[in-house]
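One structure below.
For clarity, every value in this text was computed on a predicted model and none was experimentally measured. Chain identifiers are assigned alphabetically (A, B, ...) following the order of the sequence lines, protein sequences preceding nucleic acid strands; residue numbering begins at 1 within each chain.
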Amino acid sequence: MLDHEYTTKKVFRENFFKDWRKEMTRQERLVITDLEKCDFRELHAFHKDKVEARKALSKEEKQDQKDANQKIVDKYGYCLLDSHRERIGNFKLEPPGLFRGRGEHPKQGMLKKRIQPEDVIINCSKEATPPAPPAGHHWKEVRHDNTVTWLASWTENVQGSIKYIMLNANSKLKGEKDWEKYEVARKLKSCVDSIRDGYLRDLKSKQMVARQRAVALYFIDKLALRAGNEKEEGETADTVGCCSLRVEHITLHDELDGSECVVEFDFLGKDSIRYYNKVPVIKKVFKNIKLFMESKDPGDELFDRLNTALLNKHLSSLMPDLTAKVFRTYNASITLQQQLRQLTNKSDNVAEKLLSYNRANRAVAILCNHQRAPPKTFEQSMANLHSKIVARKEQLALAKTELKLAKKEMKTKDGPDSKLMVDRKAAAVKRCEDQLLKMELQATDREENKQIALGTSKLNYLDPRISVAWCKNMDVPIEKIYNKTQREKFAWAIDMTEADFEF
DNA sequence: TACAAAGACTCAGAAAATTTGAG
DNA sequence: TCTCAAATTTTCTGAGTCTTTGT
């Protein structure tokens, strides 16, 4: 913790010290009055040593550890739902620690307290025997609510929010919910044209609310922005989504880089990830935004008459179950399908097909603004890969000359041995070429992926049936695109999808 | 009936843990 | 086949969205 940048932040230090003092005895409080004078290095070293000691364990000891952990999973990691044994997603409750939060969180550094059995609500069926609380303790409550999916819950002390113990993504329950989500998005496909016509028409509405709603929908549809609920000021980091955009987040350019009517976005979104984009928009949208911004201060809301409740209410009147986030799912999935069609050739080899798949996935991640910090070792690993490629090229050149030599020799002294030699050398050349191509594709993929996180879209936005159908059509084994966990999560799609599936 | 707060669930990237593969 | 670093997978828990509840 000490080597983290956030321990140097003023807010973090102040919050921590304030909460720490609350935990001190009267004597301690008298002595410890200034965080600057506290030296945690010994404590830090103690923890570091512990980590090192664990790393240094022998093979057998590590295996013992693993077995012991597995036993815990076997005992506590499952529940019985509708007489099916299902894996629990997070069966361990959150240990105490210092709250970090993302971005400039006003509560960073606060003490996250240890959860006691007295804080925990157990939710199980009436017939079930609830788990026994630790000796000398009791649960806050044992209830039997079959309208919700959680098994246990508690209220966390930093933000006052409720935390839940829920099922793993590979459970039947979550799988069905996932399927429903994509079915709603597919329904949107069939009426998106008329919805688009609708909001384009509303851009000229006499009512300000309708115009603001239309522009917001235009952004949500075109740019896959999140809805943007209002947040309590001072309780969380200052981030926004579509409906909560402020004037300061937008710059208008009548003309920019050869395009007309360009909107420049610059704001912090979910998890304080920066959204920066310059987008040419249609004239009517541009004019409306100008109008919305008129005589407003930078800190004022762009859509002062609109909020997510109003927006979603309107959407649900256009299509059952339609909300702002469905547009993200729909646009993500339809983009994947289009990109896969555009980028992949049946005649490509598997490595080339996989690069295309990753590129299609990447197009979606960019649309949804899924970013990651470039890996710390990125430059090094890139350099390593390039030097490997150079080495392989040299090896290939050598293999080629050897092949030529072998062919020459076969001509001079015709015999089974020299024929064998030619075959062997030819195979070596082929192998070398394949490996070289594979590495070059890998280098391209990695370079393009430097700051892009593919996982989130793959796991949460892309209808898995599109990928399964693509694999079938392209003769790519499903294991190449989904690892074991992902295959478990998407088992429903892998089971039911035919090659002709269309999103 | 409106609207705010509470509740329940999905989605999010970082970090830790584990596996892989090159030498 | 052993070792080590890099790559991949898993875990963790915070941050959103949207629905339900209560006043």
Side-chain angles (χ1 to χ4, degrees), chain A residues 1 4 6 51 54-55 59 62 65-66 69 73 77 89-95 97 99-103 105 107-108 112 121 123 145 147-150 153 155-156 158-169 173-174 177-178 180-181 226-232 235-237 239-244 268-273 307-313 315-316 321-329 332 365 368-373 375-378 380-382 384-385 388 391-392 435 439 442 446 449 451-461 482-486 488:
Chain A
M1 182 158 248
H4 252 102
Y6 56 70
V51 173
R54 201 145 41 88
K55 268 191 207 159
K59 229 180 194 170
K62 277 185 184 167
Q65 272 283 325
K66 215 175 153 183
N69 283 336
V73 174
N90 57 330
F91 68 92
K92 292 176 179 168
L93 84 216
E94 297 171 15
F99 179 84
R100 171 60 188 101
R102 309 270 167 87
H105 198 115
K107 298 194 172 181
Q108 64 190 96
K112 195 167 111 166
I121 303 173
N123 187 37
D145 184 352
T147 66
V148 296
T149 72
W150 53 270
S153 73
T155 302
E156 164 265 352
V158 175
Q159 316 224 63
S161 64
I162 309 168
K163 298 268 188 165
Y164 303 92
I165 300 288
M166 286 184 185
L167 295 193
N168 189 277
L173 185 84
K174 296 279 187 189
K177 286 295 281 287
D178 214 27
E180 279 171 20
K181 175 178 77 182
R226 295 186 185 83
N229 285 308
E230 50 265 68
K231 305 166 67 180
E232 215 171 327
E235 294 293 302
T236 59
T239 63
V240 296
C242 185
C243 292
S244 49
L268 296 181
K270 181 175 179 179
D271 293 311
S272 293
I273 299 289
N307 61 43
T308 53
L310 238 41
L311 180 75
N312 280 333
K313 204 178 157 197
L315 288 176
S316 69
D321 300 321
L322 185 61
T323 60
K325 95 183 181 84
V326 179
F327 280 88
R328 251 168 102 79
T329 312
C368 294
N369 199 230
H370 292 142
Q371 298 188 33
R372 61 165 182 175
K376 285 189 183 73
T377 55
F378 185 84
Q380 186 56 52
S381 82
M382 216 57 217
N384 289 350
L385 188 55
K388 266 194 221 164
R392 190 68 74 185
Q435 283 169 338
M439 278 198 272
Q442 196 187 358
R446 198 182 294 173
N449 219 36
Q451 300 197 64
I452 313 285
L454 297 185
T456 301
S457 50
K458 198 175 191 174
L459 244 45
N460 302 302
Y461 288 100
Y482 288 146
N483 66 33
K484 185 166 153 279
T485 317
Q486 293 163 343
E488 281 172 10

Q: To the nearest Å, give me how far apart CG (A:N168) and P (C:dC12) are.
A: 12 Å
**Q.** Min side-chain heavy-atom separation A:N307-A:C243 under 4.5 Å
**A.** no
Q: May I ask you to check whether A:K174 and A:T149 show a side-chain donor-acceptor distance below 3.5 Å?
A: no
(Q) Measure CZ/A:R328 against P/C:dC18 and give the value in whole Å, please. (A) 10 Å
Q. Base, sugar-phosphate alone, or nothing: which one does A:K270 contact when heavy atoms must sit under 4.0 Å apart?
A. base
Q | Segment of DNA chain B, first to last nucleotide, that comes within the 4.0 Å heavy-atom reach of chain A | A | B:dG7 to B:dA22
Q) NA contact type, A:K112, heavy-atom cut-off 4.0 Å: base, sugar-phosphate, or nothing? A) sugar-phosphate
Q: Would you mind classifying the nucleic acid contact of A:G228 as base, sugar-phosphate or nothing, using non-hydrogen atoms under 4.0 angstrom?
A: sugar-phosphate
Q) Just wondering, more than 12 heavy atoms not from A:K313 lying within 6.0 Å of its NZ? A) no
Q) Does a nitrogen or oxygen in the side chain of A:K107 sit under 4.0 Å from OP1 or OP2 of C:dG14? A) no
**Q.** Test item: A:I273 and A:H370 side chains (from C-beta on) under 4.5 Å apart, heavy atoms
**A.** no
Q.
Counting the atoms with a prime plus P, OP1 and OP2 as sugar-phosphate, which does A:A309 contact under 4.0 Å by heavy atoms, base, sugar-phosphate, or nothing?
A. nothing
(Q) Nearest whole Å is fine: how far is C:dC18 P from A:L322 CG? (A) 9 Å
Q: For the residue pair A:D178 and A:K181, establish whether any side-chain heavy-atom pair is separated by less than 4.5 Å.
A: yes
Q: Compare all side-chain heavy atoms of A:K107 with those of A:E235 and state whether any distance is below 4.5 angstrom.
A: yes
**Q.** Below 4.0 Å: OP1/OP2 of C:dA15 and any side-chain N or O of A:Q159
**A.** yes
Q. Starting at CZ of A:F91 and ending at P of C:dT13, how long is that distance when rounded to a whole Å?
A. 12 Å
Q: Just call it for A:K313: base, sugar-phosphate, or nothing, with non-hydrogen atoms closer than 4.0 Å on any strand.
A: nothing
Q.
Taking any heavy-atom pair under 4.0 Å as a contact, classify A:G160: base, sugar-phosphate, or nothing.
A. nothing
(Q) Angle between ring planes, A:H105 versus A:F99, binned at 30° and 60°: parallel, tilted or perpendicular? (A) perpendicular
Q. NZ of A:K231 versus P of C:dC18: gap in Å, rounded?
A. 15 Å
Q: Report which part of the nucleic acid A:S153 touches: base, sugar-phosphate, or nothing (heavy-atom distance under 4.0 Å, all strands).
A: nothing
Q. Between A:V51 and A:C368, which is nearer to the 5' end of DNA chain B once each is assigned its nearest nucleotide?
A. A:C368
Q. Quick one: on DNA chain C, does A:N312 or A:P95 contact a more 5' nucleotide (nearest heavy atom)?
A. A:P95
**Q.** Atom-to-atom span, CD1 of A:I162 to C1' of C:dT21 - whole angstrom
**A.** 12 Å
Q. So what does A:A237 hit on the nucleic acid, given a heavy-atom distance under 4.0 Å: a base, only sugar-phosphate, or nothing?
A. nothing
Q: Report the distance from atom CD of A:E94 to atom C1' of C:dG14, rounded to the nearest whole Å.
A: 8 Å
Q: Give the intermediate values and the outcome of side chain to side chain contact (heavy atoms under 4.5 Å, CB included) for residues A:T236 and A:Q159.
A: CA-CA 9 Å; A:T236 59; A:Q159 316 224 63; 4.2 Å; yes
Q) With a 4.5 Å heavy-atom cut-off, do A:M166 and A:L173 have their side chains touching? A) no
(Q) Applying a 4.0 Å non-hydrogen cut-off, can you work out what A:T149 is touching in the nucleic acid: base, sugar-phosphate, or nothing? (A) sugar-phosphate
Q) Under 4.0 Å between a side-chain N or O of A:N229 and OP1 or OP2 of C:dG16? A) no
(Q) Pick the closest DNA chain B nucleotide for A:N69 and for A:N369 by heavy atoms, then say which residue is nearer the 5' end. (A) A:N369
Q: For A:E156, answer base if it contacts any base atom (sugar-phosphate contacts may also be present), sugar-phosphate if it contacts only those atoms, and nothing otherwise; contact means non-hydrogen atoms under 4.0 Å.
A: nothing
**Q.** Sugar-phosphate only, base, or nothing, as touched by A:K458 at under 4.0 Å among non-hydrogen atoms
**A.** nothing
Q) With a non-hydrogen cut-off below 4.0 angstrom, is A:R102 in contact with a base, only sugar-phosphate, or nothing? A) base
Q) OP1 or OP2 of C:dA15 sitting under 4.0 Å from any side-chain N/O of A:T236? A) no
**Q.** Closest-nucleotide ordering on DNA chain C, the 5'-leading residue of A:D271 and A:N483
**A.** A:N483
Q: May I ask you to say what A:L459 touches in the nucleic acid, namely base, sugar-phosphate or nothing, with a heavy-atom cut-off under 4.0 Å?
A: nothing
Q. Roughly, in whole Å, what's the span from CH2 in A:W150 to P in C:dT20?
A. 16 Å
